[in-house]
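Structure, as structure tokens:
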Amino acid sequence: MAHKESGLKGSGDQIVSDLQQLELIAQVSNEAALRAHLAEQPRTVYCGFDPTADSLHIGNLVPLLALRRFQDYGHQPILLVGGATGLIGDPGGRASERTLKPIEEVAAFVDKIRDQACRFLDFECEGNPALVVDNADWMKGLDVITYLRDIGKHFSVNAMVQKETVKRRLEDDSAGISYTEFSYMILQSYDFAVLYRDHDCTIQMGGSDQWGNITSGIDLIRRMQGGQAHAITYPLITKSDGTKFGKSAEGAVWLDPAKTSPYKFYQFWINCADDDVVRFLKIFTFLSAADIADLADAQQSQPEARLAHRRLAQEVTRLVHGESAVTAVERITAAIFSNRIDALTEQDFAQLAQDGLPSTHSDLAEVGLLTVLVESGLATTPKGEVTQGQAKKLILGNSVAVNGVKQVDPEFKLQADSGRYGRYHLVQKGKKQHHLVVLKR
RNA sequence: GGAGGGGUUCCCGAGCGGUCAAAGGGAUCAGACUGUAAAUCUGACGCGAAAGCUUCGGUGGUUCGAAUCCGCCCCCCUCCA
């Protein structure tokens with residue numbers, strides 16, 4: 001993903017002010033020192049991503065976009081994939097011990113995550129091309145004696161126990177922490193030290209829950225190499241209603257279109273709360289401060305127009321899935337939420353399925369509504385199972401519409417000739433979930 | 001290895017021989033109101049149309065009857081060694 005005009009975006013420490021304005025800085029090791037450091041010459045910044053799943057999710061966009069902002073100011077970003085640390089598990093941000101994943105599985109995750117993350121940075125540009133590294137490269141060969149003598153010796157358990165992430169687990173009566181996870185901090189610190197040594201990387205960025213790990217990396221660099229490094233953390237993204245950010249009904253919102261369709265992805269953003277939209281525009285888009293201020297005004301003066309929401313959804317979807325996905329997804333959205341269903345042409349229907357609206361094609365000319373709800377997965381219980389009972393409840397609860405008409409009869413059948421253009425049925429559950437059923441004509 | 005405290009439905013958390021499919025809260029889904037928002041109110045929330053069936057770490061008992069009592073096993077936490 002190219003994004004030229006980098007490098008000349010003002011003096012090197014302007015990035016700090018920018019991030020501050022965007023509410024993207026939770027803590028900084030020493031602001032004055034960091035600013036001086038950045039202003040002096042282009043620097044190298046890194047952020048780590050542990051392979052905990054086969055895709056990144058929207059929470060990972062925060063550091064990814066922040067790295068790109070650094071790159072736009074002429075600094076070099078390093079993207080570290082935790083092929084090794086992912087095998088250990090970070091105790092941070094977790095109330096209890098992780099289940100270790102099989103080694104092969106993590107290796108597969110590493111590949112996917114590397115590919116995904118790369119799209120957000122520029123690897124070709126002059127001067128400060130991004131770099132991807134995998135900490136398995138230097139951890140795999142590390143033997144225990146070296147680990148304990150050369151690295152472990154620099155860590156005081158007394159200090160480690162004081163770190164927030166560890167402390168919380170020690171104080172929790174029901175959790176505790178294994179030696180494995182306890183050691184995570186050492187590994188992450190060592191990463192920083194290796195990057196400092198090999199790439200002159202002097203800044204590490206991470207979530208505010210990484211603060212302890214990052215600062216202990218700074219300490220390690222001072223002890224092993226006598227160097228001075230810096231830390232920047234971003235706040236963990238919260239939602240105004242206090243629920244966890246990044247979760248939708250089906251769980252996390254993934255960047256992988258196979259796991260979260262661009263349509264759902266777009267819908268996630270357009271559905272965010274009013275109180276969050278401006279903040280999200282700052283964090284998840286590259287819009288200028290002026291544009292964001294305009295959108296904020298619009299949001300204030302005519303909230304029902306949802307201009308800010310729409311722009312947010314467009315921008316983020318474009319960033320992650322590209323321009324054509326935005327077009328496709330907006331076509332679906334317009335059809336479903338703005339137009340009337342009877343205004344859709346036959347081509348429109350055909351296009352909906354292509355654009356990524358969930359759909360099924362059936363060989364039958366008739367199919368029961370219950371069956372449709374079950375097979376489409378719309379009849380998901382609060383627990384996450386798909387059952388016929390749930391389908392019936394939904395129908396009886398006045399929650400299901402076919403081609404815009406509510407159906408309250410559980411025995412209702414979709415028939416080809418009663419559908420639009422002799423085959424299309426748009427089945428709707430609640431206000432926001434749709435499924436297109438195409439029958440045999 | 002020893003002593004003590006725990007493992008309950010998606011999560012937290014009550015229950016401690018029948019009235020328990022299991023209080024309460026959260027999350028989730030739906031309905032109403034709206035703006036594809038928030039807040040609020042209502043309903044649903046193990047499976048099943050129902051009879052009924054399957055749940056309270058596992059297993060074997062005691063009992064007419066167990067999430068609740070007993071034995072053994074597994075796992076977690078704290079302290080001691």
Side-chain angles (χ1 to χ4, degrees), chain A residues 91 94-100 168-182 238-253 263-281 295-296 298-314 317 329-330 332-341 357 368-371 373-374 376-401 404 406-411 426-435:
Chain A
R94 297 205 115 227
S96 59
E97 189 81 7
R98 283 169 199 272
T99 311
L100 291 175
R168 194 170 42 213
R169 289 272 286 274
L170 289 175
E171 285 166 356
D172 188 335
D173 287 345
S174 61
I177 183 168
S178 67
Y179 182 72
T180 306
E181 286 197 12
F182 178 64
T238 55
K239 291 206 297 181
S240 54
D241 63 3
T243 58
K244 203 164 183 220
F245 170 78
K247 297 280 185 179
S248 74
E250 293 78 34
V253 178
Y263 171 71
K264 281 214 176 109
F265 188 85
Y266 180 93
Q267 286 293 321
F268 171 83
W269 295 104
I270 210 165
N271 261 315
C272 84
D274 288 13
D275 291 344
D276 292 328
V277 70
V278 173
R279 197 159 42 94
F280 288 179
L281 280 167
L295 286 166
Q299 174 61 28
Q300 280 297 317
S301 57
Q302 38 171 332
E304 69 283 357
R306 304 171 64 76
L307 292 176
H309 293 80
R310 180 149 183 239
R311 191 65 192 277
L312 173 67
Q314 283 171 343
T317 306
V329 145
E330 292 215 299
I332 302 181
T333 301
I336 288 176
F337 290 102
S338 313
N339 286 357
R340 307 269 302 281
I341 292 180
L357 184 71
L369 184 54
L370 282 177
T371 313
L373 290 173
V374 170
S376 63
L378 289 178
T380 304
T381 62
K383 199 178 168 186
E385 292 168 303
V386 178
T387 68
Q388 193 148 5
Q390 180 68 9
K392 184 167 279 189
K393 271 177 198 158
L394 289 169
I395 296 175
L396 293 173
N398 196 33
S399 310
V400 178
K406 289 273 184 184
Q407 296 298 341
V408 292
D409 176 13
E411 298 305 313
L426 189 64
V427 178
Q428 176 177 1
K429 170 210 172 190
K431 268 180 212 164
K432 298 176 195 171
Q433 293 196 60
H434 301 79
H435 192 93

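Note on naming: letters A, B, ... go to the chains in the order of the sequence lines (proteins, then strands), and numbering restarts at 1 for each one. None of these values were measured; they are calculated from a predicted model.
Separating the C1' atom of B:rC74 from that of B:rU19 is a span of 34 Å, rounded to the nearest Å. Atom name P, nucleotides B:rG15 and B:rA23: the rounded distance is 13 Å, in whole Å. Across the P atoms, B:rA21 and B:rU68 are found 14 Å apart, a figure rounded to whole Å. Spacing of C1' atoms, B:rA50 relative to B:rG4, comes out at 49 Å, to the nearest Å. Between B:rC45 and B:rG25, the distance separating the two P atoms is 15 Å to the nearest Å. Rounded to a whole angstrom, the distance from the P atom of B:rG13 to that of B:rG61 is 33 Å. A distance of about 25 Å separates the P atoms of B:rC64 and B:rG58, rounded to the whole Å. Taking atom P on both B:rG48 and B:rC10, the two are 15 Å apart, rounded to the nearest angstrom.
Shown here for A:Phe337 and A:Lys432, the closest heavy-atom pair between the two residues is CZ-CA, 4.2 Å.
To the nearest angstrom, P of B:rA37 lies 9 Å from CZ of A:Phe337. For the pair A:Gln314 CD and B:rU36 C1', the computed distance is 15 Å after rounding to whole Å. Distance A:Gln267 CD to B:rA37 P: 10 Å, rounded to the nearest Å. For A:Glu304 and B:rG35, the CD to C1' distance is 6 Å, given to the nearest whole Å. In this structure, A:Asp274 places its CG atom 12 Å from P of B:rG35, rounding to the nearest Å. Atom CD of A:Gln300 is separated from atom P of B:rG35 by 17 Å (rounded to the nearest Å). Rounded to whole angstrom, the span from the CG atom of A:Leu394 across to the C1' atom of B:rU28 amounts to 13 Å.
Between atom CD of residue A:Gln407 and atom CG of residue A:Asn398 there is a gap of 10.5 Å, rounded to the nearest 0.5 Å.
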Polar atom pairs between nucleotides 42-48 of chain B and protein, under 3.5 Å, N or O only, would you list them?
from, atom 1, to, atom 2, distance (Å)
B:rG48, OP1, A:Gln388, N, 3.4
B:rG48, OP1, A:Gly389, N, 3.3

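The nucleotide B:rC64 finds its pairing partner in B:rG18, both defining distances of the Watson-Crick or G-U wobble pair being shorter than 3.5 Å. Pairing for B:rG1 goes to B:rC80, judged as Watson-Crick or G-U wobble with the two contacts each under 3.5 Å. Using the Watson-Crick or G-U wobble rule with both distances under 3.5 Å, B:rG71 pairs with B:rU59. Both distances falling under 3.5 Å, in either a Watson-Crick or a G-U wobble arrangement, place B:rA30 opposite B:rU42. With a 3.5 Å ceiling on both atom-pair distances, B:rA37 lacks any Watson-Crick or G-U wobble partner.
With sequence neighbours left out, A:Asp274 forms a side-chain contact (heavy atoms from CB on, under 4.5 Å) with A:Gln299, A:Pro303, A:His309.
Listed nucleotides: B:rA49, B:rG35, B:rU36. Nearest to the side chain of A:Lys392: B:rA49. Ranking B:rG35, B:rA30, B:rA37 by closeness to the A:Asn271 side chain, first place goes to B:rA37. Of the candidate nucleotides B:rA30, B:rU36, B:rA38, B:rA38 has the atom lying nearest to any side-chain atom of A:Ala273. Picking from B:rG31, B:rA49, B:rA37 the nucleotide with the shortest atom distance to the side chain of A:Arg306 gives B:rA37.
There is no side-chain donor-acceptor pair under 3.5 Å between A:Gln314 and A:Tyr266.
In this structure, A:Arg306 contributes its side chain and A:Ile270 its backbone to a donor-acceptor pair below 3.5 Å.
Within 4.0 Å (heavy atoms only), A:Asn398 reaches sugar-phosphate atoms of the nucleic acid but no base atom.
In this structure, A:Gln302 places its CD atom where more than 12 heavy-atom neighbours from other residues, nucleotides or ligands lie under 6.0 Å away.
Remark on RNA chain B: of its neighbouring residues A:Thr380 and A:Tyr266, the 5'-side contact belongs to A:Thr380, judged by nearest-heavy-atom nucleotide.
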